[in-house]
Number of protein chains: 2
Amino acid sequence: MKLRPPSYLVLGMLRIGLRSGYEIKRGADRSTKHFWPMSLAQVYPELARLEEAGLITGRDDPHGARARRAYAITDEGNEALLDWLRDSHDEPPQVRDERLVRLFFADALPRDDQIALVRRLRESHEAEVTRIQEEVMPISSAAEEAGTIFPHALARLSSDIFSTIAGALDELETRLSDESA
Amino acid sequence: MKLRPPSYLVLGMLRIGLRSGYEIKRGADRSTKHFWPMSLAQVYPELARLEEAGLITGRDDPHGARARRAYAITDEGNEALLDWLRDSHDEPPQVRDERLVRLFFADALPRDDQIALVRRLRESHEAEVTRIQEEVMPISSAAEEAGTIFPHALARLSSDIFSTIAGALDELETRLSDESA
DNA sequence: GTGTGCATGTAAGGAGTTACATGATTGC
DNA sequence: GCAATCATGTAACTCCTTACATGCACAC
């Protein structure tokens with residue numbers, strides 16, 4: 001069976017202790033969403049595929065009358081995950097950000113609109129920094145103290161990236177304002 | 001007709017003077033690829049759609065015996081582009097970077113493999129900075145001197161982002177090496 | 001008792017990629 | 001003469017999203 005990044009994402013989430021599909025999705029939204037988004041409609045079939053391949057095992061784990069399945073990674077799954085982590089072959093990263101495409105063509109706009117566009121963009125990146133610091137870092141920081149350091153390193157990295165962008169946009173905004181004054 | 005970011009990408013490329021589908025694809029690879037990749041198999045149908053909608057016009061423009069079509073943006077196309085540039089509604093940006101997912105789960109690896117992984121990643125980001133500076137910036141810089149400033153601003157932004165990531169990875173690498181020593 | 005969150009799945013559709021198919025031009 | 005690049009398009013496929021369908025648990 002062919003394993004793709006979403007497979008390893010699920011495998012990895014199970015490894016760090018998340019158990020149900022719903023829980024995996026929630027965890028991924030809080031942590032890996034920024035560099036690999038995943039929807040619930042991907043998680044459930046992926047769990048089925050991985051179980052069929054023997055990389056994970058599932059058992060019923062109802063919560064009262066509410067159905068729930070708890071999965072755990074098997075030795076084979078662990079091995080597959082480690083092989084992938086050591087693998088140096090990567091597909092090229094992909095970014096799709098409509099706002100930056102817009103910015104690329106912003107020369108077509110009058111100066112005022114350019115400034116407004118840049119400001120909006122800066123503000124949204126600043127907001128994202130705040131969101132990461134408030135929602136992601138407290139959790140990843142706790143994990144770091146427990147010896148799991150990479151999630152927090154990634155959270156800091158994300159925050160740094162958004163800060164860098166916000167900073168560059170702030171500079172650009174100032175330049176545009178000065179030139180139009 | 002519904003216009004999506006690739007439509008505006010094509011429209012924008014025509015606006016800045018690129019004419020054939022092939023030329024648009026080449027230009028996009030050099031400039032907007034980092035925040036919105038596009039394949040030739042998207043460009044040609046998109047050109048047909050835009051022409052049908054009256055946003056661009058195409059004429060045959062053979063080069064010797066080699067067929068070629070030259071497109072130009074119409075007034076309606078220009079208006080649509082400007083409307084989009086002013087529009088503040090964005091779909092959320094999407095990043096898919098397998099390498100960062102790998103890094104997120106790197107706690108599962110022995111220290112040596114962690115260091116190797118971080119180093120590889122840092123090196124590839126440094127290489128990307130170099131690539132942008134050598135291949136993209138000379139062109140965007142020339143455009144900037146001619147009064148088209150945003151492409152160069154975006155090139156600098158891309159370069160800054162990759163530098164930031166490389167810097168953070170370098171720091172992480174040092175930390176991992178120190179702790180294991 | 002009501003809304004929010006927990007919980008699992010499927011079906012249909014859309015967006016984008018790879019591979020295929022074809023051929024001319026230019027520089028070495 | 002040969003390779004790289006220019007040039008246009010289509011078909012099949014993959015991946016992923018949105019919408020649908022269903023129902024329990026818990027806090028207010």
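Lettering follows sequence order; numbering is per chain, from 1.
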To the nearest Å, give me how far apart CD (A/Glu91) and P (D/dC15) are. 9 Å

Nearest whole Å is fine: how far is D/dG9 C1' from B/Ile24 CD1? 14 Å

Nearest-angstrom distance from the residue atom CG of A/Asp61 to P of D/dA25: 13 Å

Identify whether any heavy atom of B/Ala65 sits under 4.0 Å from a base atom; if not, whether one sits that close to sugar-phosphate; answer base, sugar-phosphate or nothing. sugar-phosphate

Please state whether the rings of A/His34 and A/Phe162 are parallel, tilted or perpendicular, taking 30° and 60° as the class boundaries. perpendicular

When we call it a touch if two heavy atoms are under 4.0 Å apart, what does B/Gln94 touch: a base, just sugar-phosphate, or nothing? sugar-phosphate

Give the rounded distance in Å between these two atoms: CZ of B/Arg59 and P of D/dT8. 12 Å

Per A/Ser39 side chain, nearest of listed nucleotides C/dT18, D/dT17, D/dC6: D/dT17

Listed nucleotide nearest any side-chain atom of A/Trp36, set D/dC16, D/dT8, D/dT10: D/dC16

Would you mind telling me which of D/dT5, C/dA7, C/dG16 lies closest to the side-chain atoms of A/Tyr44? C/dA7

Would you mind classifying the nucleic acid contact of A/Ser20 as base, sugar-phosphate or nothing, using non-hydrogen atoms under 4.0 angstrom? sugar-phosphate

Against the side chain of A/Arg66, the closest entry in D/dC6, C/dT18, D/dC24 is D/dC24

Can you identify which nucleotide, out of D/dC6, D/dC16, D/dT10, has its nearest atom closest to the A/Gln42 side chain? D/dC16

When you group the ILVMFWY residues by side-chain heavy-atom contacts below 4.5 Å and let the links chain together, are A/Ile139 and A/Tyr22 in the same group? no

Distance in angstrom units between A/Arg49 CZ and D/dT14 P, rounded: 12 Å

What nucleotide among C/dT17, C/dG9, C/dT26 has an atom nearest to a side-chain atom of A/Arg69? C/dG9

note: A/Met38, atom CE; C/dT8, atom C1'; distance rounded to Å ~ 15 Å

Tell me whether the OP1 or OP2 atom of C/dG16 has a side-chain N or O from B/Arg4 closer than 4.0 Å. yes

Give B/Arg96 one of three labels, base, sugar-phosphate or nothing, depending on what nucleic acid heavy atoms sit under 4.0 Å from its own. sugar-phosphate

Which residue, B/Leu47 or A/Leu40, contacts DNA chain D at a nucleotide closer to its 5' end, judged by nearest heavy atom? B/Leu47

When the distance from NZ of B/Lys2 to C1' of C/dG13 is rounded to whole Å, what number comes out? 12 Å

Checking all strands, does A/Ala67 fall into the base, sugar-phosphate, or nothing category for heavy-atom contacts under 4.0 angstrom? sugar-phosphate

Just so I know, are the side chains of A/Pro93 and B/Val95 near enough to count as touching, which here means a heavy-atom distance under 4.5 Å? no

Give a yes or no on whether B/Arg19 atom CZ has more than 12 heavy-atom contacts from other residues, nucleotides or ligands under 6.0 Å away. no

Spacing of CG belonging to B/Leu14 relative to CD1 belonging to B/Ile56, to within rounding of 0.5 Å: 5.5 Å

According to a 4.5 Å side-chain heavy-atom criterion applied to Ile, Leu, Val, Met, Phe, Trp and Tyr, with indirect links allowed, do B/Leu172 and A/Phe35 form part of one hydrophobic cluster? yes

Length of the line joining A/Arg68:CZ and D/dG23:C1', which is rounded to integer Å: 15 Å

Using a cut-off of 4.0 Å on non-hydrogen atoms, how would the nucleic acid contact of B/Pro45 be classed: base, sugar-phosphate, or nothing? nothing

With the side chain of B/Tyr71 defined as its heavy atoms from C-beta on, choose the nearest nucleotide among C/dC6, D/dG9, C/dG16. D/dG9

